[in-house]
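Written out below as structure tokens is the structure these notes cover.
Ligands are counted one by one from 1 in listed order, and the atoms in each one are counted from 1 as well. What's counted below: heavy atoms across the whole structure, side chains too, no hydrogens, waters or symmetry copies.
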Amino acid sequence: MSLSLLHLLSLALLQLCFHTAPQSTTPAGPKTTTLTTGFIDFPTTVEVLESARPRSLVVEFRVQSADPLPVVEIASLTPDIGAFETPIINPANTYNIFVVQIVLKDSLDYEAVRLHSVRLALVTAAGRVEQTFHVQVIDVNEPPQCQPLFQLPGAEVQVPEGLPVPLLVYNAVALDPDENDTLSFSITQVQPDASKGQFTIDGSGGIISNQHFDYQNGPREFVVSVLVRDRQGANCSGTVRISVLRVFIPPLEFLLSPQNVSIFENGGAGDVVASVRANSTASDMRYTFVNSYPPYKIGREDGIIRTAFNLDLESNQALEHSVLLVRAFSVSEGRHGTATVTVTVLDVNEHAPFCVPPIFVLTVPETTEIGKSLGTVRCGDIDVSNHKVSLTLLDNDASLYKFRLQDDQLQVNGTLDYDNAGIATGGFQYEATILASDSGTPPLTVIIPILVTVTPVNEFDPQFLGPFEIVVPENTRRGSVVGTVSAVDADWRFDSLRYSIPGGDALFSIDPVGGQLYLKESLDFEAKQMYRLGLQAVDFDQDVDPSVQRTGAVEITIRVQNVNDNPPVCDPVSYESTIFSTRSATLPILSLSCTDADGDVLSATITNGAAVDRFQMNRLTLSSRNAFSYVPGAVYDHTMFEVTIAVSDGKYITDVVAYIYVVPWTTTVPTTTTTTTPRPPQVVTVVEEFWEPDLWFVVVMTVAGALFLLCLSLLIWWILIWTSICVAPEQGMSENLLKNDLNNEHLDKLGNQDVAIENYQLSVDGALSQSEESVQKSLMRFDGKAADPVSGRSYLFNSNTGERRWL
Ligand SMILES: *[C@@H]1O[C@H](CO)[C@@H](O)[C@H](O)[C@H]1NC(C)=O
Ligand SMILES: *[C@@H]1O[C@H](CO)[C@@H](O)[C@H](O)[C@H]1NC(C)=O
Ligand SMILES: *[C@@H]1O[C@H](CO)[C@@H](O)[C@H](O)[C@H]1NC(C)=O
Ligand SMILES: *[C@@H]1O[C@H](CO)[C@@H](O)[C@H](O)[C@H]1NC(C)=O
Ligand SMILES: *[C@@H]1O[C@H](CO)[C@@H](O)[C@H](O)[C@H]1NC(C)=O
């Protein structure tokens, strides 16, 4: 109500004003139009600048009306957008004339409506008159319109730091009201000034930063001033305030960052490997593996990494190194982080090496050459590491230096001798050990025993030690031992020898075992003084093949030693010679023709009394002492002397007799040759006393002795049978048999000898009884004893024949 009242008041005021003003300008008009009601000077078209402000006057005209209160109204409007105010009508100075003003209600917009058609109606009491006019909108260039906030006080943007460039920071929005007008954007100013180059603006107003925003190091706030101009140079401007935001969601850190852990294999399932812990107190901290690592698992809440199963490098070597990426996250904090855990699984030296062959058991001949391979040791170790196997040869005292290892090959390094007592006590076995150690700490080892048994090889010939010359007295009895030879053999068992005489020998035999040389027959120096005897020693049991035997041969010399066993032999045993009593002592009367088979020096001694004084012996030569006395009537010697001479070889004596006829030679009277019938020579044989058993006794003794020896042999045989368990059967038996043989042989020989002696005694018996008789006869020839008055010497005499013998 008040509004309409105010309206009316304003209308009245307008009417008052216009009443005075147009009166002068239109003085003649009213008379002609007095009678009409209608529009006066009504424009058909008016032009209005687009830029006309609201409530500005568009057009002013007059209307004539008799009605004092005419109304002008807008009958229609095309387009009907209510662009105009209700027309203002005021009475003019002139009667019946009213001024009408059309006022813009709002701004016009050329770009929207270029032509408004306004139909006005004049309503009076007299009726209604309508008239149309057009409002032509005239274009005016309008300045660009910047977005208000951008324009003032300026746009604010917050940009997180570190975003990738080029980065659209802000889009400046500006419009140009003019149709078809184009805008250009430019940056007029940047604060700080130094950052001017950082920003560009594109044709559509996009502000682009071509540098990173760095909260920490760069400016944290920029002000960019932007000018927007249209083609006509009209402008608007705005600012953008760019604040750099600290974009930092710190990743989770770990209390133990990159870890290198080592665990030993075969720790079993659930073995703790490592522990991961984020530096956060968030209660919802969780841990997972980024990828799947089957051998490991992680405690979702405690971050402890454990083995999922027993990790055995030997079965899966790929387990040796693992890089585990562990992700820790907290939902509540919105943070996460990744940790790296490098796990190294260490090998444990659990497996001792294994070797092929696990033992050397060999049998080789003792002559196996040095350097010969006995086999190759191949070792392995299934441990992933520490699997380098080294071999060491350990030998004992007996096998020291006997073996060597060369490139894992067991070789002979020294002679595997069979022939010594040391190795014999060890059963001919060389023992050593190969120690195979792996490279772990401490190393694991395995032992490869080496048992090499050597077999004998008959390497050495028996060697005779001697004696190579044996002297045997010729009187050595048959069957006795004349010497013992010995030989040695360096093959074990040492000196396993059998002696023999190749082809046998008539005189000697040898004990195969002891080497004693037996005499089989009697020796006679005088027959043969030297024998050469071939001997051999054959070894046995010195080779795996018993038929491999070696022989050592030697030829020894047996010298027969001369023994005085032959009495001197004189031939003839009786001598005769006639001498003058004055025969010089230096002139030999006769020489005895005596020899000695033994070559002994013979000495001759006169043994009968009377002759001792008259004759002397110079060796075997008889000479006179020139001590005859033929004083007639006084001492008158015999003219015939029987000189008994004992010829001795030092042991045996053979007597010879020499009959010396002495021709007394006192005067110059020629010697009368007395013819004496020569007596038959008397053989005087001195026989030494010996026991001469009768034949029957000898026979009985021989038989008894043979029986006794038979019994003894039987007894020995029985003992041997009983003890044969303990005695090495073959050797013992053979030795005994050999001995028995020898004994029997010996006995036989002894028996033969006895028979021979017997025969000898028998053969000499005849001669003996004869000589005994003659001795007795010769002793009976002397039946008295007297003393020579001249010399005082005693003599025996025969009273019948006057035969004398000096004592
Ligand atoms: C704007 O451009 C269009 C075509 O490009 C044209 O038809 C129109 O008349 C133009 N308007 C003005 C006001 O120049
Ligand atoms: C922007 O327009 C104003 C008038 O509206 C003028 O005074 C000013 O110089 C113009 N600025 C530029 C940079 O053209
Ligand atoms: C853990 O984080 C705190 C602060 O968040 C820090 O002071 C400390 O140095 C960190 N510790 C480690 C070991 O990173
Ligand atoms: C962890 O182990 C790897 C590989 O063995 C090695 O290259 C690296 O230097 C080690 N790091 C540390 C911190 O020991
Ligand atoms: C092999 O023998 C030689 C001497 O013959 C000796 O010096 C060496 O130590 C031996 N080797 C071994 C491994 O016993």
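Without hydrogens or angle criteria, Arg231 side chain to Asn180 main chain gives a donor-acceptor distance under 3.5 Å.
The protein heavy atom nearest to atom 10 (C) of ligand 5 is Asn413 ND2, 2.4 Å. Protein heavy atom at the shortest distance from atom 12 (C) of ligand 2 is Asn235 ND2, 3.0 Å.
Using a 4.0 Å cut-off between charged side-chain N and carboxylate O, Arg550 and Asp539 make no salt bridge. Ion pairing between Glu50 and Arg114 fails under the 4.0 Å rule for side-chain N and carboxylate O.
Less than 4.0 angstrom separates atom 7 (O) of ligand 2 from none of the non-hydrogen atoms of the protein. Distance check on atom 1 (C) of ligand 2: some protein heavy atom falls below the 4.0 Å cut-off. Shown here, atom 4 (C) of ligand 5 is out of close reach of the protein: none of its heavy atoms lies under 4.0 Å off.
Residue Glu253 approaches ligand 3 through these ligand atoms, each under 4.0 Å from one of its heavy atoms: 14 (O). Atom numbering of ligand 5 starts at 1 in the shown order; those under 4.0 Å from a heavy atom of Tyr401 are 9 (O), 10 (C), 14 (O). For ligand 5 and Phe403, the ligand atoms under 4.0 Å from any heavy atom of the residue are 12 (C), 13 (C), 14 (O).
At a cut-off of 3.5 Å, with distance as the only test, a side-chain donor of Asn266 or Asn310 sits close to an acceptor on the other residue.
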